[in-house]
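As the structure lists them, so they are numbered: ligands from 1, and atoms in each ligand from 1. We number each residue from 1, following the sequence as shown. Side chains included, hydrogens not; waters and symmetry mates left out as well; all remaining heavy atoms used.
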Amino acid sequence: MSIETFYRDSWAEVELSAIDFNIKQLKEILHEETDVYAVVKANAYGHGDVQVAQQALESGASGLAVSLLDEALKLREAGIDAPILVMGWTRPEDAKLAAEQDIAVTVFQQEWFAKVKTSALSKPLKLHMKWDTGMGRIGIRSTDEMDEILSYIKEDSRFVLEAVFTHFAMADDEDLTHQSQQEQRFHELFSHFERVWPENVEIHTGNSAASMRFPERMKHFVRFGISMYGLYPSSIVKEERPIDLKPAFSLQSQLIHVKKIDANESISYGATYKTAEPEWIGTVPLGYADGWIRKLQGMEVLAGGKRHPIVGRICMDQFMIQLDDEYPIGTKVTLIGKQGDSEVTVDEVADYLETINYEIPCMISYRVPRMFMRGGQMVEVDNPL
Ligand SMILES: *Cc1c(COP(=O)(O)O)cnc(C)c1O
């Protein structure tokens, strides 16, 4: 259960009108018949799954995609009755539960079908067959494997093949050789499929990168993840800017202690930082247990509309910043987001950590309450503590 308030001085803000904007921007460039599935796995990339899912559906998404059955069940429990696809592996023994909850599962293994006891299925089970065209993760790779799986599906009317799909590994790259190869393999598999499977199924191939860069090649729907949250999948796509995006996520805190300390005094564990001269030092109540990991030592945060560096080691629950002046307790500290003309973006934090923007909101832990905003007004709080 989560509570609708919190008593700490750090929180994430999730601007739901940005989610709305980003979905509508994508729909502008897609064919009219191409639908959008909102990818809300991993607690909606750390943003808050139920709230983002509800917003996405309101903004025109026709379905939801997650990685785990548990994530799908949470959405059903919240009263969401839109189509949900589990894109990862679901255990055969859980197929019955997926069917009962009208959750579509991803299939690609004959062993899986051999283990699913169709007699145990009390309702039809929706299947999306995954084709591995060059990601090398999950999916069938040959027409032989496809035929074997199709024969299992044919055998029992409780299996309903809704869709076939694939996932691209390099749709966000400058070099599109691998992308073309994957599309080519998909066409080869599909031309076989068409010959052996008379019924209509849906096709979905695109992630954010493919759906924004090649909207004309998208079929029944796309799986829109990172860019629904207002982030570009790579620096290449960011430069190309196929659509405008608004980032939804910001991370806020407040100064809870401010002091002036003498020259040659040390800050935090290991005394890795020593003041060169008398300095104003502020304490921020957020640390590595909140996902603001120790590698972020030296990164800048915003206070009073200016940048200030994190000095000394980041602790589990707190870190210190060097201030250019005295600031009152309660001064807003922005770790991700804007203050006046200054901004720290998710991309900047990702660059600092030598990783991708996807990882940043995902790593902000359950301990940081999510505050949902619409047009700058708070509409809901989710605090799992
Ligand atoms: C996560 C995921 C997506 C979404 O990718 P983005 O790059 O975030 O748009 C789409 N399809 C699959 C199979 C995924 O695992």
Output a table of donor-acceptor pairs, distance under 3.5 Å, between side-chain atoms of residues 9-23 and any protein atom two or more places apart or on a different chain; print 'none' if there are none.
unit_1 : atom_1 : unit_2 : atom_2 : d
Ser10  : OG     : Ser253 : OG     : 2.8
Ser10  : OG     : Pro285 : O      : 2.9
Trp11  : NE1    : Glu13  : OE2    : 2.9
Glu15  : OE1    : Gly376 : N      : 3.0
Glu15  : OE2    : Ser17  : N      : 3.2
Glu15  : OE2    : Ser17  : OG     : 2.5
Glu15  : OE2    : Gly375 : N      : 2.9
Asp20  : OD1    : Lys24  : NZ     : 2.9
Asp20  : OD1    : Ser59  : OG     : 2.6
Asp20  : OD2    : Lys24  : NZ     : 3.3
Asn22  : OD1    : Lys246 : N      : 2.8
Asn22  : ND2    : Ala18  : O      : 2.9
Asn22  : ND2    : Met228 : O      : 3.0
Asn22  : ND2    : Lys246 : O      : 2.9

| task | For side chain to side chain contact (heavy atoms under 4.5 Å, CB included), just list the numbers for Ile314 and Ile293, CA-CA rounded to whole Å, side-chain angles, deciding distance to a tenth of an Å, and then say yes or no. | result | CA-CA 7 Å; Ile314 293 172; Ile293 59 175; over 6 Å; no
Q. Regarding Arg8 and the six-membered ring of Phe6, is the cationic atom NZ or CZ under 6.0 Å from the ring centre and inside 45° of its axis?
A.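 Not flagged: Arg8 not positioned over aromatic ring of Phe6.
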For Lys96, the side-chain hydrogen bond (donor to acceptor under 3.5 Å, both in side chains) test, sequence neighbours excluded, returns Glu100
Show me the donor-acceptor pairs, under 3.5 Å and distance only, between side chains in residues 365-372 and residues at least two apart or in other chains.
unit_1 : atom_1 : unit_2 : atom_2 : d
Ser365 : OG     : Ala289 : O      : 2.8
Ser365 : OG     : Arg367 : N      : 3.2
Arg367 : NE     : Asp290 : OD1    : 2.8
Arg367 : NH1    : Asp317 : OD1    : 2.9
Arg367 : NH2    : Asp290 : OD1    : 3.3
Arg367 : NH2    : Asp290 : OD2    : 3.1
Arg367 : NH2    : Asp317 : OD1    : 2.9
Arg370 : NE     : Gly46  : O      : 2.8
Arg370 : NH1    : Ser365 : O      : 2.8
Arg370 : NH1    : Val368 : O      : 2.8
Arg370 : NH2    : Gly46  : O      : 2.8
Arg370 : NH2    : Ile364 : O      : 2.7

In chain-and-number order, ligand 1 lies under 4.0 Å from a heavy atom of each of Val39, Lys41, Tyr45, Met87, Arg137, His167, Asn207, Ser208, Arg223, Gly225, Ile226, Tyr358
Can you confirm whether the side chains of Gln322 and His308 place a donor and an acceptor under 3.5 Å from each other?
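His308 and Gln322 do not have a side-chain donor-acceptor pair below 3.5 Å.
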